[in-house]
There are 2 protein chains.
Amino acid sequence: MKCPECGCEESKVIDSRPTENKVRRRRECIQCGARFTTYEIIEEVPLMVIKKDHTIEPFDREKLVDRLCRATVKRPVSLETIENIVEEIAAELKNSLTREVTSDKIGEAVLRKLREVDEVAYVRFASVYRDFNDVDSFVKIISELKDKKV
Amino acid sequence: MKCPECGCEESKVIDSRPTENKVRRRRECIQCGARFTTYEIIEEVPLMVIKKDHTIEPFDREKLVDRLCRATVKRPVSLETIENIVEEIAAELKNSLTREVTSDKIGEAVLRKLREVDEVAYVRFASVYRDFNDVDSFVKIISELKDKKV
DNA sequence: GAATTGAACACTATATATTGTATTATATCA
DNA sequence: TGATATAATACAATATATAGTGTTCAATTC
């Protein structure tokens, strides 16, 4: 832990405050007396997604953005909104205390958010994600949408 | 420092290894016994650049990439190479033990890297950065280039 | 501009982290 | 595949960090 002022390797902790997911320490360089702040954070473990075919792959934020972009083509949903949704979901997953999530859980989370934002995109996303095979599936999800509104 | 497994707030350090600019700790949750790794890192203090007109502004990686892109238009220099150069310079600055650098120092560092990569881009960048006012300046820098090659 | 919030600072008793040495497992690279 | 580097594990003696309480300063917000 090189002192940012003089490069000396030795420093001592003069204050230490734990918070929910960090420890903030105030350090003082042994040599030059400079004070600086450090943060102790938990190592990022990549979040793994269990897909429907039981293969496992790391959670890919970009991929999710991509899928959402496709569901919102020609719909009044900004890229910013999409980024926010993905950001929120990533945060939820990060707090879920588990390093593995099924793609199902992610899909449902997306649907939950999307319903509030744009109903057409919601139906589109559901049709891809839930593998709609007939028109009835559309009818069903739309009537569910209407029910929830009442 | 919430345990990533059970969310418990209490953990103890079972190992601790300092390196040049990090401290890696191995922690064990008091409650569930889960083990996880943490890193203590020095807080990022934004690097300030002192410009020629003596104004100070934070170092902007993107801006530097931008300037390099302009100097390499139609030259066989990939964006990746540019990103690497900027990355290297940012790293050098970060290790320079000072929180303020003159834009001059940055400019010279860019030139140093650029000379190895593409001579045309090198001359172009120099002409902008060193405010060439006449053709002689070009002649001069080119002859310097040739000298260094020998 | 008053109120609120977060960080820096100080001091102290006590509990906890550190670091050397060493073995094993895992991942990366030629 | 064999070599090399990196991380995890264990153990023990000693030095060092922690957390409680409280004050001040600066930045942000109403």
Side-chain angles (χ1 to χ4, degrees), chain A residues 1-51 54-61 80 84 87-88 91 94-95 97-100, chain B residues 1-50 55-60 78 80-81 83-84 87-88 91 94-95 97-100:
Chain A
M1 182 81 47
K2 253 197 206 155
C3 164
E5 298 292 332
C6 73
C8 159
E9 298 276 350
E10 306 273 298
S11 67
K12 64 180 178 185
V13 176
I14 56 169
D15 195 32
S16 155
R17 300 294 147 177
T19 63
E20 196 174 354
N21 38 199
K22 283 178 165 66
V23 179
R24 194 183 82 240
R25 293 187 179 82
R26 193 84 182 133
R27 290 181 167 268
E28 188 174 281
C29 174
I30 297 285
Q31 213 158 84
C32 73
R35 290 178 166 198
F36 53 97
T37 304
T38 66
Y39 289 94
E40 183 181 350
I41 57 182
I42 297 181
E43 177 191 38
E44 288 291 343
V45 204
L47 186 71
M48 293 316 233
V49 180
I50 305 167
K51 301 176 58 179
H54 301 286
T55 59
I56 297 180
E57 59 177 53
F59 174 68
D60 187 337
R61 198 170 296 233
E80 202 192 339
N84 284 344
E87 200 45 57
E88 280 169 40
K94 230 168 120 184
N95 288 326
L97 293 182
T98 165
R99 297 296 113 213
E100 294 194 336
Chain B
M1 182 81 48
K2 253 196 206 158
C3 164
E5 298 292 332
C6 74
C8 159
E9 298 274 350
E10 307 273 296
S11 67
K12 63 181 179 183
V13 176
I14 56 170
D15 196 33
S16 154
R17 301 292 148 179
T19 63
E20 196 175 351
N21 37 199
K22 283 178 165 65
V23 180
R24 192 182 85 242
R25 292 186 179 82
R26 193 81 183 135
R27 290 181 168 268
E28 188 173 282
C29 174
I30 297 285
Q31 213 158 81
C32 73
R35 290 178 167 196
F36 53 97
T37 304
T38 67
Y39 289 94
E40 181 180 350
I41 56 182
I42 296 181
E43 177 190 38
E44 288 292 342
V45 206
L47 186 70
M48 293 316 230
V49 180
I50 304 168
T55 59
I56 297 180
E57 58 177 52
F59 174 67
D60 188 338
S78 68
E80 201 191 338
T81 306
E83 297 275 7
N84 284 344
E87 199 43 57
E88 280 169 38
K94 230 168 117 183
N95 288 327
L97 294 181
T98 165
R99 297 295 115 213
E100 295 194 335

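A note on names: the letters A, B, ... follow the listed sequences, proteins ahead of strands, and every chain is numbered from 1.
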Trainee: Does the side chain of A/T37 get closer than 4.0 angstrom to OP1 or OP2 of C/dA7 through an N or O atom?
Mentor: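 Checking A/T37 against C/dA7: no side-chain N or O falls below 4.0 Å of OP1 or OP2.
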Trainee: One thing to verify: whether A/R61 and A/E87 come together as a salt bridge, which I'm taking to mean a side-chain N less than 4.0 angstrom from a carboxylate O.
Mentor: yes
Trainee: Output the rounded distance in Å from CD (B/E43) to P (C/dA7).
Mentor: 9 Å
Trainee: Look at A/R26 and C/dA10 and indicate whether a side-chain polar atom (N or O) is within less than 4.0 Å of OP1 or OP2.
Mentor: no
Trainee: Using a 4.5 Å cut-off on heavy atoms from C-beta on, say whether the side chain of B/R26 contacts that of B/R35.
Mentor: yes
Trainee: When the distance from CD1 of B/I30 to P of C/dA15 is rounded to whole Å, what number comes out?
Mentor: 14 Å
Trainee: With the side chain of B/K12 defined as its heavy atoms from C-beta on, choose the nearest nucleotide among C/dC9, C/dA17, D/dT9.
Mentor: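 Looking only at heavy atoms from C-beta outward on B/K12, the closest nucleotide is C/dA17.
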Trainee: Map B/E40 and A/R24 onto DNA chain C by nearest heavy atom, then report which one ends up closer to the 5' terminus.
Mentor: A/R24
Trainee: Is there, by distance only and without an angle test, a donor paired with an acceptor across the side chain of A/R17 and the base of D/dG20 below 3.5 Å?
Mentor: yes
Trainee: Of the candidate nucleotides C/dA17, D/dA17, C/dT19, which contains the atom at the shortest distance from the side chain of B/P18?
Mentor: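 So the nucleotide nearest the side chain must be C/dT19.
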Trainee: Counting heavy atoms from C-beta on, name the nucleotide in D/dT9, C/dC9, D/dT18 closest to the side chain of A/S16.
Mentor: D/dT18
Trainee: Less than 4.5 Å apart, any side-chain heavy atom of A/M1 and any of A/T38?
Mentor: yes
Trainee: By nearest nucleotide on DNA chain D, pick out whichever of A/I14 and B/E28 is the more 5' one.
Mentor: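 Looking at DNA chain D, the more 5' nearest nucleotide goes with B/E28.
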Trainee: Between A/D15 and A/E10, which is nearer to the 5' end of DNA chain C once each is assigned its nearest nucleotide?
Mentor: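 Final value for this comparison: A/D15.
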Trainee: Is there a side-chain contact between A/R25 and B/E40 in this structure, where contact means two heavy atoms from C-beta onward sitting under 4.5 Å apart?
Mentor: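 In short, these two side chains touch, coming nearer than 4.5 Å.
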Trainee: If the cut-off is 4.0 Å, is A/R35 near the phosphate of C/dC9, judged by side-chain N/O to OP1 or OP2?
Mentor: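 For A/R35, the contact criterion (side-chain N or O under 4.0 Å from OP1 or OP2 of C/dC9) is met.
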Trainee: From the list D/dT18, C/dA8, D/dA8, which nucleotide is the closest neighbour of the side chain of A/R25?
Mentor: D/dT18
